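Here the structure is laid out as structure tokens; the discussion comes afterwards.
Everything quoted here is computed from the prediction, not taken from an experiment.
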Amino acid sequence: MATAQLTTDRLAEKHRSTLDQALATIRTRAYWSPYPEHPKAYGADGSLDAAAGLAAHQSALNTRFDLDQPGTDGWTGGEISPYGPSLGIEYPHADLDVLLPAMRAGMGAWRDAGAETRALVCLEILARISARTHEFAHAVMHTSGQAFMMAFQAGGPHAQDRGLEAVAYAYEEQTRTPAGRADWSKPQGKRDPLELSKEFTPVGRGIALVIGCNTFPTWNGYPGLFASLATGNPVLVKPHPRAVLPLALTVKIAREVLAEAGFDPNLVALAVERPGEGIAKTLAVRPEIRIIDYTGSTAFGDWLEANARQAQVYTEKAGVNTVVVDSTDNYKGMLANLAFSLSLYSGQMCTTPQNLLIPRDGITTDQGPKSYDEVVADLAAAVGGLLGDDARANGLLGALVNPDVKARLEAAAGLGEVALASREVVNPEYPDAVVRTPVIVKLDGSKPDAQAAYFSECFGPVSFAVSVDSTADALELLRRTVREKGAMTVGAYTTSADTERAVEEVCLEESAQLSLNLTGGVYVNQTAAFSDFHGSGGNPAANAALCDGAFVSNRFRVVEVRRQA
């Protein structure tokens with residue numbers, strides 16, 4: 001073990017209160033975050049302000065990103081920003097037969113450090129990431145296509161919240177069993193009692209593999225990374241080839257902190273693939289890999305679950321998110337809320353609504369009865385009004401993350417009657433960015449050809465206004481959709497207590513997270529760490545929730561040593 005510059009006492013002084021607050025908050029489910037959301041909060045106490053963050057990002061461009069990892073056998077890269085420019089960064093390519101054994105070498109000392117020390121080291125990593133939030137924002141923006149403010153918040157403090165939440169759950173689960181020595185004495189009547197001394201140690205499963213996604217590299221990557229690291233496992237991060245930089249920065253910071261705390265920096269490492277190499281499949285079935293966290297397509301998630309038999313696999317795949325529109329007492333608020341939800345980050349979120357189920361005879365509202373056609377037209381007008389100004393549109397939409405999204409958007413217009421056509425938005429700062437407003441397509445829910453369209457995920461700025469015979473039919477379609485296709489989110493609007501209970505019953509039975517009657521500044525596609533569960537793990541969209549006890553508890557086992565007293 002290296003000489004520690006960051007002692008346990010020093011780490012506890014800096015971070016124990018934050019850990020305690022995180023532990024309290026996952027029990028109360030209240031709002032709390034130690035990481036500032038506002039860009040102007042940075043610049044003091046060693047954190048990077050806006051200018052320094054931009055400068056740091058620019059200094060990384062067109063360079064080699066050296067991590068001093070074992071087994072580096074070459075360099076690879078090729079990220080191109082969805083806004084146009086090439087990042088020009090080369091990353092180390094790893095010889096896995098060298099890197100994986102090196103990662104295991106530090107497991108013993110990391111295990112012996114105990115749950116508290118591991119948690120505090122993780123909090124130091126997060127604190128250093130937080131100090132560089134402005135730099136991370138540019139890295140996320142230019143790999144995911146998120147607009148800057150979304151990249152700053154979702155890729156920065158919100159992602160850090162999710163990492164801290166995972167650490168809190170990991171610590172709580174590991175400390176359910178008492179640490180250290182426990183004395184056991186069983187009375188034997190007139191004979192002497194049976195006495196044993198017992199020790200219980202949380203032991204990690206082995207190397208954890210994080211397979212990163214293109215759209216939310218940090219927000220989706222941090223829960224698995226920190227859950228595994230905090231429970232005693234080395235973590236190998238395999239970024240999406242289009243979104244390497246945010247996770248490479250994360251790995252570099254983690255390695256620095258581990259070394260300063262006296263641990264082997266190879267407990268966290270990076271595996272970047274050469275073009276077309278496809279190392280995720282190779283890594284996923286290696287015997288050293290004992291945990292896998294994956295966010296992405298259903299096809300590859302299903303493959304991992306079926307083939308990575310040696311590993312505990314956590315997947316967030318795809319679903320068909322649905323909103324049931326039955327009635328509302330705030331028609332204007334409903335339209336505004338839905339318009340924002342459909343527009344944010346060009347619908348490139350696993351939580352964005354896709355299918356809006358609307359009775360063909362219309363709905364009741366505070367503005368009087370509204371026909372199906374009126375509801376759809378008014379929603380189209382709300383989206384159009386929200387995105388009518390190009391500057392505002394760029395700030396909400398960001399850029400399309402890859403050509404596949406653009407192709408799906410263009411094909412969607414041929415699936416039915418277009419209620420709102422997509423339009424091109426010019427980004428004056430980045431003229432090569434592909435920016436498009438959402439399309440809304442009207443579909444008759446009773447027709448088989450329409451069912452083929454709305455019953456499949458169409459990731460991106462595409463929504464279907466599906467006419468149904470009644471609210472009861474909408475609920476049956478909702479149930480079938482969640483059961484067969486999965487859903488990360490469900491929304492509903494109703495003024496009927498009976499309908500509200502019926503929607504809730506469907507979501508309880510099918511394990512889908514439900515948002516009711518949102519008309520203000522909270523949206524169905526947003527979740528708050530420490531309070532909201534992202535996914536449930538109970539329907540085909542994901543086999544795990546971010547975060548709960550189940551997300552962390554199977555990343556370690558408790559090993560017992562008994563001694564005769």
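- Considering Arg360, Lys447, Lys442 as possible partners of Ser467, the one that fulfils the side chain to side chain donor-acceptor pair (under 3.5 Å) test is Arg360.
- You'll find the side chain of Val439 stays beyond 4.5 Å of the side chain of Arg423, heavy atoms only.
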Go through Met141 and Met150 one step at a time and tell me if the side-chain contact (heavy atoms from CB on, under 4.5 Å) criterion holds.
-> CA-CA 8 Å; Met141 175 182 176; Met150 185 174 184; over 6 Å; no
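- No donor-acceptor contact under 3.5 angstrom links the side chains of Asn321 and Gln354, judged on distance only.
- Between Thr519 atom OG1 and Asn517 atom CG the span is 7.5 Å, to the nearest 0.5 Å.
- Between the side chains of His534 and Gln513, no donor N or O sits under 3.5 Å from an acceptor N or O.
- The side-chain heavy atoms of Pro275 and Thr76, taken from C-beta on, include a pair separated by under 4.5 Å.
- Salt-bridge annotation for Arg501 and Glu504: absent, with no side-chain N of the basic residue lying under 4.0 Å from a carboxylate O of the acidic one.
- The structure places NE2 of His142 at 12.0 Å from CD of Glu79, a figure rounded to the nearest 0.5 Å.
- Checking each of Lys281, Arg242, Lys238 against Glu273 for a salt bridge (Lys or Arg N to Asp or Glu O under 4.0 Å) leaves exactly one that passes, namely Lys238.
- Between the side chain of Tyr83 and the backbone N or O of Gly145 there is at least one donor-acceptor pair closer than 3.5 Å.
- Using modelled atom types, one finds a donor on one side chain and an acceptor on the other under 3.5 Å when comparing Asp444 with Ser446.
- Cation-pi geometry between Arg480 and Phe455 is met: the NZ or CZ atom falls under 6.0 Å from the ring centre, inside 45° of the normal.
- With hydrogens and angles disregarded, a donor-acceptor distance shorter than 3.5 Å links the side chain of Gln310 to the backbone of Ala284.
- Remark: side-chain polar atoms of Glu316 are not paired, donor with acceptor, to backbone N or O of Thr295 under 3.5 angstrom.
- At least one donor-acceptor pair under 3.5 Å links the side chain of Ser327 to the backbone N or O of Thr495.
- One finds the OG1 atom of Thr471 at 3.5 Å from the CG atom of Asp326 (value rounded to the nearest 0.5 Å).
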Stepwise side-chain contact (heavy atoms from CB on, under 4.5 Å) check, Phe300 with Ser297 | CA-CA 6 Å; Phe300 191 59; Ser297 72; 3.7 Å; yes
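- Tyr345 and Phe216 have perpendicular rings, their planes meeting at more than 60° on a 0 to 90° scale where under 30° would count as parallel.
- Between Tyr493 and the options Asn337, Thr499, Val503, Leu516, a side-chain contact (heavy atoms from CB on, under 4.5 Å) holds for only Asn337.
- No side-chain heavy atom of Phe226 sits less than 4.5 Å from a side-chain heavy atom of Glu165.
- The pair Lys332-Asp378 fails the salt-bridge criterion, with no side-chain N (NZ, NE, NH1 or NH2) lying under 4.0 Å from an Asp/Glu carboxylate O.
- The nearest pair of heavy atoms linking Leu400 to Pro82 is O-CB, 3.7 Å.
- Under the 6.0 Å cut-off for aromatic ring centres, Phe551 and Tyr314 qualify, their centroids lying closer than that.
- Note that CG of Leu387 is 10.0 Å distant from CZ of Phe340, once rounded to the nearest 0.5 Å.
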For the pair Tyr35 and Leu164, evaluate side-chain contact (heavy atoms from CB on, under 4.5 Å) and give the outcome as yes or no after the intermediate values.
-> CA-CA 10 Å; Tyr35 308 116; Leu164 175 55; 3.9 Å; yes
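- With a 4.5 Å cut-off on side-chain heavy atoms, Pro438 and Leu397 count as touching.
- The minimum heavy-atom distance between Ala465 and Val376, with the atom names listed, is CB-CG2, 3.6 Å.
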Check the pair Tyr454, Phe464 against ring-ring contact (aromatic ring centres under 6.0 Å, His included), reporting the backbone distance first and the verdict last.
-> CA-CA 7 Å; Tyr454 67 71; Phe464 299 118; 7.6 Å; no
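- Between the side chains of Thr365 and Thr328, no donor N or O sits under 3.5 Å from an acceptor N or O.
- A salt bridge links Lys406 to Glu410: one of the charged nitrogens lies within less than 4.0 Å of a carboxylate oxygen.
- Using modelled atom types, one finds no donor on one side chain facing an acceptor on the other under 3.5 Å when comparing Asn539 with Ser511.
- In this structure, His38 has its ring center at least 6.0 angstrom away from the ring center of Phe152.
- With Asn543 contributing its side chain and Val313 its backbone, the two residues share a donor-acceptor pair below 3.5 Å.
- With hydrogens and angles left out, the side-chain atoms of Ser228 and Asn233 include no donor and acceptor closer than 3.5 Å.
- Looking only at side-chain heavy atoms (C-beta outward), Thr25 and Tyr31 stay at 4.5 Å or farther from each other.
- Salt-bridge check for Lys317 with Glu305: passed, with a basic side-chain N closer than 4.0 Å to an acidic carboxylate O.
- Put simply, the side chain of Ser463 does not reach to within 4.5 Å of the side chain of Thr352, judged on heavy atoms.
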Would Phe136 and His57 satisfy ring-ring contact (aromatic ring centres under 6.0 Å, His included), going step by step from the backbone distance to the final call?
-> CA-CA 8 Å; Phe136 272 84; His57 171 71; over 10 Å; no
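- Judged by distance alone, the side chain of Ser346 and the main-chain N or O of Gln348 form no donor-acceptor pair under 3.5 Å.
- For the residue pair Ser33 and Gln160, no side-chain donor N or O sits within less than 3.5 Å of a side-chain acceptor on the partner.
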When you look at Asp293 and Leu225, which way does the side-chain contact (heavy atoms from CB on, under 4.5 Å) test go after all the steps?
-> CA-CA 8 Å; Asp293 286 277; Leu225 191 165; over 6 Å; no
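- Residues Ala421 and Thr437 approach most closely at O-OG1, 4.1 Å, considering heavy atoms.
- Here the CE-CD distance, from Met349 to Gln526, works out to 6.5 Å after rounding to the nearest 0.5 Å.
- Scanning both residues, Val418 and Ala413, for their nearest heavy atoms gives CG2-O, 3.5 Å.
- Formation of a donor-acceptor pair under 3.5 Å by the Arg205 side chain with backbone atoms of Asn554 is found in this model.
- For the residue pair Asn220/Arg162, the side-chain donor-acceptor check at 3.5 Å is not satisfied.
- Ion pairing of Arg479 with Glu510 is present here, as a side-chain N (NZ or NE/NH1/NH2) and a carboxylate O approach within less than 4.0 Å.
- In this structure the side chain of Phe533 reaches within 4.5 angstrom of the side chain of Arg29, judged on heavy atoms.
- When atom types are taken as modelled, the side chain of Glu424 and the backbone of Arg436 share no donor-acceptor pair closer than 3.5 angstrom.
- The two residues Ala512 and Val482 come nearest to each other via the heavy atoms CB-CG1, 3.9 Å.
- Atom CG of Asp329 and atom CG of Asp366 lie 6.5 Å apart (nearest 0.5 Å).
- At a threshold of 4.5 Å between non-hydrogen side-chain atoms, the residues Thr364 and Pro369 do not count as touching.
- Between the side chain of Thr489 and the backbone N or O of Thr351, at least one donor-acceptor pair lies under 3.5 Å.
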